[in-house]
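As C-alpha cells, the structure follows; a few thoughts come after it.
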2 protein chains.
Amino acid sequence: MAEDRTTQIRRGVVELAVLGLLAQGERYGSQVVEELASQPALALTAGTVYPLLSRLLKAGLIDSTWQESPVGPPRKYYRLTPDGFAAHAAQRDAWVAVRDTLDALLKESR
Amino acid sequence: MAEDRTTQIRRGVVELAVLGLLAQGERYGSQVVEELASQPALALTAGTVYPLLSRLLKAGLIDSTWQESPVGPPRKYYRLTPDGFAAHAAQRDAWVAVRDTLDALLKESR
DNA sequence: CCGAGTACCTTGTTACGCAAGGTTCTGGGT
DNA sequence: ACCCAGAACCTTGCGTAACAAGGTACTCGG
C-alpha cells in the first residue's frame with residue numbers, strides 16, 4: 001500500500017478525540033464512528049474505533065450500557081468514568097503542550 | 001513498563017518535528033537529539049531520533065554529509081532535500097488540519 | 001422467511017516509539 | 001605509548017497502536 005505519511009499525524013491523537021467526544025455526553029459505537037469519520041482530518045474507521053473503545057473499557061476510563069434502539073439492534077452506549085474525565089483532562093494538557101511546542105518549532109522555519 | 005499515555009500524543013508528530021527543525025538549517029545527529037530532547041513536551045531520545053533519520057534518508061527526504069568537528073569525532077550533518085521540503089509542507093498542512101479539528105472538538109467539552 | 005440495513009467486534013499486518021546496548025573516533029593525562 | 005573519558009554514531013528487541021478486512025447478530029419490511 002502507498003504510504004500515507006499524513007496518517008502518522010493522526011496517531012496518538014485518536015484516543016483524546018474519543019475521550020473529548022464522550023466528555024460531551026454518552027454515545028453509542030456507530031455514532032462515535034460516524035462523528036469522527038465525518039471529520040476529514042481524522043478520517044477514523046470502525047476498525048480503529050472499536051478496538052480503542054475496548055481498550056478504554058478495559059482501562060476503566062469509560063463504561064457502557066445497552067439500550068434499545070427504535071430502528072434496529074440494541075446499541076451500546078459509552079460514557080466517561082471519573083477516571084476517564086481525569087484522563088481526558090491530563091491528555092488535553094499534554095496535547096496543548098505538544099501543540100504549542102510544535103507550532104513554535106514550525107513557526108521558525110517559515 | 002508503566003503506560004505513559006501522554007507518550008501516545010507525541011506519536012506521529014515526531015517526524016514533522018525533525019523536518020521542521022531541519023527546515024531551519026542543517027544539523028548533525030546529536031544536535032537534533034539535543035534540541036528535541038530539551039523540549040519537555042517532546043522528550044525525544046537518541047533511540048527515537050536515529051532510526052527516524054535513517055528512515056528519512058532512505059525515503060530521500062533528507063541527505064547527509066560528514067564534516068570535521070573541532071572537538072571530537074566527525075559529525076554527520078543532515079539537511080532537507082527538495083522532496084523533504086515538500087513533505088514538510090504537506091505534513092505541516094495535515095498537522096494544521098488535525099490540530100484545528102481536535103481543538104474544535106475539545107472546545108465543545110469545556 | 002429472506003434480504004437489506006444497522007450495529008457490534010476480532011484478526012492480521014505493518015510500523016512506530018523507546019530503552020538498552022554497542023561501535024568508533026578524538027584528545028588529554030600519565 | 002597507552003588508556004580512558006566523552007562525543008558521536010547506530011542497531012536490536014519489545015510493546016502497542018492504526019487500520020483494512022472479515023465476521024456475527026439483531027430488526028424490520030416485503
Side-chain angles (χ1 to χ4, degrees), chain A residues 1-19 27-37 39 41-59 61-62 64-78 91 94 98, chain B residues 1-19 26-37 39 41-59 62 64-78 91 94 98:
Chain A
M1 188 197 325
E3 327 249 310
D4 182 3
R5 305 214 142 275
T6 68
T7 296
Q8 294 308 316
I9 295 186
R10 286 194 279 274
R11 294 193 74 143
V13 162
V14 195
E15 182 172 318
L16 176 54
V18 170
L19 292 177
R27 276 161 175 77
Y28 60 94
S30 301
Q31 196 179 2
V32 173
V33 172
E34 224 173 277
E35 294 193 38
L36 295 180
Q39 304 287 338
L42 298 180
L44 299 187
T45 66
T48 300
V49 173
Y50 282 113
L52 175 53
L53 289 171
S54 293
R55 209 177 88 238
L56 295 175
L57 267 180
K58 193 185 280 182
L61 302 185
I62 60 179
S64 63
T65 52
W66 288 97
Q67 287 176 233
E68 294 294 314
S69 161
V71 296
R75 295 161 170 174
K76 198 170 179 180
Y77 279 80
Y78 298 93
Q91 290 192 24
V98 170
Chain B
M1 190 195 322
E3 325 250 313
D4 181 2
R5 305 211 143 278
T6 68
T7 295
Q8 295 308 318
I9 295 187
R10 285 193 279 273
R11 291 193 75 143
V13 161
V14 195
E15 183 173 316
L16 177 53
V18 169
L19 292 178
E26 65 174 15
R27 277 161 173 75
Y28 61 94
S30 301
Q31 195 180 3
V32 173
V33 172
E34 223 173 276
E35 293 192 39
L36 295 179
Q39 304 288 338
L42 299 179
L44 300 187
T45 65
T48 299
V49 173
Y50 283 113
L52 174 54
L53 288 171
S54 293
R55 210 177 86 239
L56 295 175
L57 267 180
K58 193 184 283 183
I62 60 178
S64 63
T65 51
W66 288 98
Q67 290 176 234
E68 293 294 313
S69 162
V71 296
R75 296 160 169 172
K76 198 171 181 179
Y77 278 80
Y78 298 93
Q91 290 191 22
V98 171

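Proteins come first, then strands; the chains are lettered A, B, ... in the order of their sequence lines, and each starts at number 1. Reckoned from all heavy atoms, side chains included, excluding hydrogens, waters and symmetry mates.
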Reading 5' to 3' through nucleotides 1-7 of chain C, protein heavy-atom contacts under 4.0 Å coded B for base, S for sugar-phosphate only, - for none
----BBS
Does Gln91(B) form a side chain to side chain donor-acceptor pair (under 3.5 Å) with Glu15(B)? I'd like the steps, not just the answer.
CA-CA 9 Å; Gln91(B) 290 191 22; Glu15(B) 183 173 316; 2.7 Å; yes
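Between the CG atom of Leu56(A) and the C1' atom of dC8(C) there is a distance of 16 Å, given to the nearest Å. Atom CG of Leu36(B) and atom P of dG17(C) are 12 Å apart (whole Å). Note: CZ (Arg55(A)) to C1' (dC19(D)) measures 14 Å, nearest angstrom. Between Gln8(A) atom CD and dT16(D) atom C1' the separation is 13 Å, expressed in whole Å. In this structure, the CG atom of Leu57(B) is 12 Å from the P atom of dC9(D), given to the nearest Å. Atom-to-atom, CZ of Arg27(B) to P of dA7(D) comes out at 20 Å; the value is rounded to the nearest Å. The CD atom of Glu15(A) sits 13 Å away from the C1' atom of dA18(D) (whole-angstrom rounding). Separating the NZ atom of Lys58(B) from the P atom of dA15(C) is a distance of 11 Å, rounded to the nearest angstrom.
Among the heavy atoms of the strands, none lies under 4.0 Å from Leu52(B). Within the 4.0 angstrom heavy-atom criterion, no nucleotide atom of any strand lies near Leu53(B). Among the atoms of the strands shown, only primed sugar atoms or phosphate atoms (P, OP1, OP2) are found under 4.0 Å from some heavy atom of Tyr78(A).
Side-chain N or O atoms of Arg75(B) include none that pairs as donor or acceptor with a backbone N or O of Gln67(B) at under 3.5 Å.
The ring pair (Phe, Tyr, Trp, His ring centres under 6.0 Å) search around Tyr50(B) returns none, not counting sequence neighbours.
We find the CH2-NZ distance between Trp66(A) and Lys76(A) to be 5.5 Å, quoted to the nearest 0.5 Å. Taken to the nearest 0.5 Å, the CZ atom of Arg55(A) stands 10.0 Å off from the CD1 atom of Ile62(A). Taken to the nearest 0.5 Å, the CZ atom of Arg27(A) stands 10.5 Å off from the OH atom of Tyr77(A). The distance from atom CG of Leu42(A) to atom CD of Glu35(A), rounded to the nearest 0.5 Å, is 11.5 Å.
For dA18(D), the OP1/OP2 oxygens have no side-chain nitrogen or oxygen of Arg10(A) closer than 4.0 Å. At the phosphate of dA18(D), neither OP1 nor OP2 sits under 4.0 Å from any side-chain N or O atom of Thr48(A). OP1 or OP2 of dC18(C) has not a single side-chain nitrogen or oxygen of Thr45(B) nearer than 4.0 Å.
Comparing Tyr77(B) and Ala43(A) by the nucleotide of DNA chain D whose heavy atom lies nearest to each, the residue mapping closer to the 5' end is Tyr77(B). Between Ala46(A) and Glu68(A), the one whose closest nucleotide on DNA chain D sits nearer the 5' end is Ala46(A). Nearest-nucleotide assignment on DNA chain C puts the 5′-proximal partner with Gln31(A), out of Arg11(A) and Gln31(A).
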